[in-house]
Amino acid sequence: MSDKKDSKDVQQIKTFRNFGVIAHIDAGKTTFSERILYITGKSHKIGEVHEGAATMDYLEEERKRGITITSAATTCFWRNHRMSLIDTPGHVDFTAEVERSLRVLDGAVGVFCAVAGVQPQSETVWRQANRYNVPRVAFVNKMDRTGADFYKAVESMRTRLNANPVPLVMPIGKEKDFRGVVDLINMRSCVWADDDAREMTVGEVPAELLDDAKKRREQMIEAVAECHDAVLEKFVEGEEVTVPEIMEAIRKGTLELKITPVFCGSAFKDKGVQNVLDAIVDFLPSPLDVPPIEGFNPETDEKIQRPLLPDQPFAGLVFKTISDPNGDLTFVRIYTGEMRQGEKYYNARTRRFDRIGRLMRMHAAQREPIDMARAGDIVAAVGIKESITGDTLSTKEQPVIYEAMNFPDTVISMAIEPKSGGDRDKLSEVIGKLVREDPTFKARTDEQTGQMVISGMGELHLEVKCNMIQNDYKIPVTVGRPKVAYKMTLKGPKQVEARHIKQSGGSGQFAVARVKFAPNPEIEEFEFIDSVKGGSVPREYIPAVESGIEAAIKGGGRIGFPYVKITAELYDGQAHDVDSSAMAFEAAGVLAFRLAAENNSQLLEPIMKIEIEAPEEKTGDVIGDLSSRRGIVEEMISKPGGISAVTGKVPLAEMFQYSTTLRSLTQGRGTYTMEPAAYEPVPPNIAAKVLEEETGNKG
């Protein structure tokens, strides 16, 4: 009986598809997601992004701006398969939303613009998907636009993404005459009806395209045969490869990340979306096709791998929280076992239990209550108080922790305060909620000025948060000018002796720490090396020295910019039998770093990777302006329609209000995208100015 139940569970999980839609801003992700909902019958009318009516863009800020800010989840059905779809943002300021979605999804659809091809944010999201080994299919959108070129877009995937794209269709007609595709697997044409592209006529391949289609089918079979030994053997021997064999080879190659099947269409006109839905069912993984996720037991540190099945002990990863007046929503991807409403689950990080008040399946902002969810599900729970993004929920008897997500550092900050003093506590509470929701949004109180300072990924990111505070939470606020999140490092190595010796009635304080400090570009923040020999610093005090140094490094000394990329090696010291203590050695650690940093500090600033698209005749002005901002141009590419794309690197400090400058330089036709690239030393003359200004502010 149990085996029958198990096989029924397994069969059901095989019909789950958890996938996300990823792309550059404006490539058409949300429009594509809306068409999926419409075609699968989940929504009865199409919500248009440009009209501010998209189902998946349900926040007020999203509708006003016509962009996706938060990833929205929904569930729909196609060919008896249940699809959990997450529409992710394309703007780089909201990259954390993509990161956490890809962490829990089994597959993804990459949407590309047929005119622009691979764009900067397409590269970023593709790299994120590579990091989490997410199999993908690609959809080249906007095929009916002037300048659309399917094969050029496919080639840009090969050159810019290092991908192996394999077109499974061939367009019929181009630009405004684009009307259908040749299905290269079955060698038939699919032509859409003019009045309703959900109506498709399947027929013979048009005679004038037959030779080209045969050649392209041969190329497709050659590419997919590489992924399947039996198919490769038949192909090499010149035998006919059957359609089921081609399908099997494509699926195997996609799941093993060797190929990316490519389709094309126009999401806005409903063209080609069904082909992608079929591909999601045929080629993207079910939860059972994904290798078991590796975790570890927090009690014993042993590695744990469990089959992703409901009969295993429960484990799920929290990947998103949303503040809500009716109770915060916590999104959970269930990997093993079952989650039930009303039950308590264990969080090994907090060592506490969280109770599931209500469980629901999401459809963007709408909710469908459910009693239970099982392995392979993505659900939202109400009532979880302690758990935050990246936490694993499991059973107390068989605890597990899965790898959390990595989020980039914030690069910009600004002061914020309520217009009315009475709103101070309310503002702190709201900012606390926003910080809990968004791992790339940070807040702290400046110790010297007493101001609250918020930090984020860019101007738009902070602007959106401030608008939410004012419009959604009704707290009028005053904000300061955005500031760059500078960091510091050491100019060179320095060996110091820190003596913390105090004597006042009763027991004194005695600690001597000898430490070698050095800048280390290979590490992110701070590395501590213990090379004490002969017990000159007793074992129990060494962690205190480390925590003192770390506190001083993160505190940023007099100016408050945190230090990074530093190695500290404790090699010697002295202790006193009576007067030494952990507190004394921690103070010695703080002093050691202060001595190392004195006249030996270097200011670092965030450098951004930038891509600007502008009319060719305005490119000289754009490059000249970029150079005046300390920017370096790395590449210039001509694109269709008389557009040039300029890529390069530029310090963030020089880029505030850049959109206004670019508009005036290009008569409103220029666009740009930026993303953090690295932290690099600030030129001495500019560093002196920044430090002088900061010292004055703290004065």
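Note that the numbering runs from 1 along the sequence shown for the chain. As a basis for the values below, the full set of heavy atoms in this structure was taken, side chains included, without hydrogen atoms, waters or symmetry mates.
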ask   = Please walk me through it: do L288 and L309 pass side-chain contact (heavy atoms from CB on, under 4.5 Å)?
value = CA-CA 8 Å; L288 295 177; L309 291 169; 3.6 Å; yes
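- With sequence neighbours left out, E299 forms a salt bridge (charged side-chain N to carboxylate O under 4.0 Å, His left out) with R351.
- Between D183 and V181, every side-chain heavy-atom pair lies at or beyond the 4.5 Å cut-off.
- A salt bridge does not link E226 with K258: none of the charged nitrogens is closer than 4.0 Å to a carboxylate oxygen.
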side-chain contact (heavy atoms from CB on, under 4.5 Å) between I384 and L393, intermediate numbers included: CA-CA 11 Å; I384 291 179; L393 292 173; 3.9 Å; yes
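- For the pair R17 (side chain) and I280 (backbone), a donor-acceptor distance under 3.5 Å is present.
- With sequence neighbours excluded, the residues forming a side-chain hydrogen bond (donor to acceptor under 3.5 Å, both in side chains) with S286 are D289, listed by chain and number.
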*With side-chain contact (heavy atoms from CB on, under 4.5 Å) as the test, would you mind laying out the steps for R217 and V182 before giving the verdict?*
CA-CA 10 Å; R217 186 175 196 265; V182 173; over 6 Å; no
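- Residues K142 and A114 approach most closely at O-CB, 3.7 Å, considering heavy atoms.
- Across L359 and A373, no two heavy atoms sit closer than the pair CD2-N, 3.9 Å.
- Relative to the six-membered ring of W126, R136 meets both conditions, a distance below 6.0 Å and an angle of at most 45° to the axis.
- Residues L105 and N18 are in side-chain contact: their nearest non-hydrogen atoms beyond the backbone lie under 4.5 Å apart.
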### Verdict with reasoning, Y151 to R216, per side chain to side chain donor-acceptor pair (under 3.5 Å)
CA-CA 11 Å; Y151 296 107; R216 294 195 184 278; 3.1 Å; yes
Pair E611, R160 - check salt bridge (charged side-chain N to carboxylate O under 4.0 Å, His left out), show working. CA-CA 14 Å; E611 177 156 331; R160 290 190 67 170; 3.2 Å; yes
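- Within the 4.5 Å cutoff, side-chain heavy atoms of F283 are placed close to those of M247.
- Across all their heavy atoms, E527 and N520 have their closest contact at OE1-ND2, 3.7 Å.
- A donor-acceptor pair under 3.5 Å links the side-chain atoms of R103 to the main chain of E403, judged by distance alone.
- Looking at K271, its side chain never comes within 3.5 Å of a backbone N or O of F268 through a donor-acceptor pair.
- At least one donor-acceptor pair closer than 3.5 Å links the side chain of T392 to the backbone N or O of Y402.
- Panel note: side chain R35, backbone V273; no donor-acceptor pair is recorded below 3.5 Å.
- Side chains of P298 and R349 form no contact here, defined as non-hydrogen atoms less than 4.5 Å apart.
- K234 and E248 are not joined by a salt bridge, as no carboxylate oxygen comes within less than 4.0 angstrom of a charged side-chain nitrogen.
- Taking a cutoff of 4.0 Å between a charged side-chain nitrogen and a carboxylate oxygen, E155 and R158 qualify as a salt bridge.
- The CG atom of L277 lies 11.0 Å from the CG atom of D282; values are rounded to the nearest 0.5 Å.
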Checking side chain to side chain donor-acceptor pair (under 3.5 Å) for the pair T242/E245: CA distance, chi angles, key distance, verdict? CA-CA 5 Å; T242 65; E245 286 170 335; 3.1 Å; yes
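- The structure places CZ of F150 at 11.5 Å from CZ of F112, a figure rounded to the nearest 0.5 Å.
- Residues F263 and D278 form no side-chain contact, since every pair of their non-hydrogen atoms from C-beta on lies 4.5 Å or further apart.
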Just distance, no hydrogens or angles: give the donor-acceptor pairs under 3.5 Å from side chains in residues 218-225, sequence neighbours left out.
none

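- At a threshold of 4.5 Å between non-hydrogen side-chain atoms, the residues R131 and L102 do not count as touching.
- Between V332 and L317 the shortest side-chain heavy-atom distance does not fall below 4.5 Å.
- Using a 4.0 Å cut-off between a side-chain N of Lys or Arg and a carboxylate O of Asp or Glu, E675 and R127 qualify as a salt bridge.
- A distance of 7.5 Å separates CG of N347 from CD1 of I401, quoted to the nearest 0.5 Å.
- Under the 3.5 Å distance criterion, the side-chain polar atoms of Y346 are left unmatched by any main-chain donor or acceptor of V400.
- Between E123 atom CD and L161 atom CG the span is 6.0 Å, to the nearest 0.5 Å.
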Practice prompt. Just do the side-chain contact (heavy atoms from CB on, under 4.5 Å) check on T40 and M83 with the steps written out, would you?
Written response: CA-CA 10 Å; T40 58; M83 302 200 169; 5.6 Å; no
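- For the pair T336 (side chain) and A315 (backbone), a donor-acceptor distance under 3.5 Å is present.
- Under the 3.5 Å distance criterion, the side-chain polar atoms of D106 are left unmatched by any main-chain donor or acceptor of P285.
- Atoms CD and CD1, on E634 and I610 in that order, are 11.5 Å from each other to the nearest 0.5 Å.
- We find the CZ-CD distance between R352 and E386 to be 4.5 Å, quoted to the nearest 0.5 Å.
- A donor-acceptor distance shorter than 3.5 angstrom exists from the side chain of K252 to the backbone of C227, with no hydrogens or angles considered.
- The backbone N or O of L284 sits less than 3.5 Å from a side-chain atom of R251, completing a donor-acceptor pair.
- Residues I412 and P606 are not in side-chain contact: their nearest non-hydrogen atoms beyond the backbone lie 4.5 Å or more apart.
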